[in-house]
Amino acid sequence: MRVIAGQARGRKLKAPRGISTRPTLDRVREALFNIIGNRIWDSTCLDLFAGTGALAIEALSRGATRAVLVEKDPKALACIRDNLSSTGLEERAEVLKDDVYRAIPRLGREGRKFDFIFLDPPYEQGHLSRVLPLLSQYRLLQQEGWIIVETRSREPAIEEIAGYRLKRREKYGEAALNFYIEEEKAE
């Protein structure tokens, strides 16, 4: 696993041993950032279930100004910190050792907003149907922002949930990327 483009291009990223963390594959990350394109420049990102931190690190390497990474597993947190340090991106990142379900309300109470929210939870455990309503309740997505969710490709896409609608879905082998935006308000 490596950083694909930008300031930290080519730097290797560590992952914790075992099966508790499933890093996003390089080719899936590359596809994701090709879709995002230049929108990543000067953006803010929230990486929930951050794992290795690869999504936030790729965003920072490509020009995002700030990233908040939320992870509760101590082994994954150690890898995130090592990866941020080895890429030289730690000053633009904030690592929260917390459960996603506690971190979202906290960030909301602080008035934080993000252009991109990356959500790469453990597959098929119902996190999407629990996290998206929380994100909507605490208004963490910036206007015209995107929530990008990695799921197993065989899982059916959820078209609309908690005020967000599916804008785009792409499959890459076992993984699928689901791009959500806020539902347009009826006038």
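Nothing fancy with the numbering, it's 1 onward along the sequence. As the structure is a computational prediction, the values presented were derived from the model and not from experiment.
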Just so I know, are the side chains of [X] and [Y] near enough to count as touching, which here means a heavy-atom distance under 4.5 Å?
X      : Y      : value
Tyr180 : Leu141 : no
Leu96  : Val68  : yes
His127 : Leu119 : no

Please check if [X] and [Y] belong to a single hydrophobic cluster, counting links between Ile, Leu, Val, Met, Phe, Trp and Tyr side chain heavy atoms closer than 4.5 Å.
X      : Y      : answer
Phe179 : Phe33  : yes
Val70  : Phe114 : yes
Val149 : Leu140 : yes
Leu177 : Leu135 : no

Next on the checklist: Set out, in order, the CA-CA distance, both residues' side-chain angles and the distance that settles salt bridge (charged side-chain N to carboxylate O under 4.0 Å, His left out) for Glu182 and Arg139, then state yes or no.
Outcome noted: CA-CA 10 Å; Glu182 277 192 310; Arg139 313 283 304 153; 3.1 Å; yes
Look only at the side chain of [X] and the backbone of [Y], and say whether a donor-acceptor pair between them is shorter than 3.5 Å.
X      : Y      : result
Ser153 : Lys171 : no
Arg92  : Leu60  : yes
Asp115 : Thr44  : yes

Next on the checklist: How close do Thr52 and Asn83 get, counting heavy atoms only, and between which atoms?
Outcome noted: O-ND2, 3.0 Å
Checklist entry - Arg81: what forms a salt bridge (Lys or Arg N to Asp or Glu O under 4.0 Å) with it, not counting sequence neighbours? => result none
Next on the checklist: So, using salt bridge (Lys or Arg N to Asp or Glu O under 4.0 Å) as the criterion, who are the partners of Glu160 when residues are at least two apart?
Outcome noted: none
Item to check | Pairing residues for Asp82 by the side chain to side chain donor-acceptor pair (under 3.5 Å) criterion, not counting sequence neighbours | outcome: Lys14
Checklist entry - Is the number of heavy atoms from other residues, nucleotides or ligands within 6.0 Å of CG (Asn38) greater than 12? => result no
Checklist entry - Around Glu110, counting heavy atoms of other residues, nucleotides and ligands shown, do more than 12 lie under 6.0 Å from its CD? => result yes
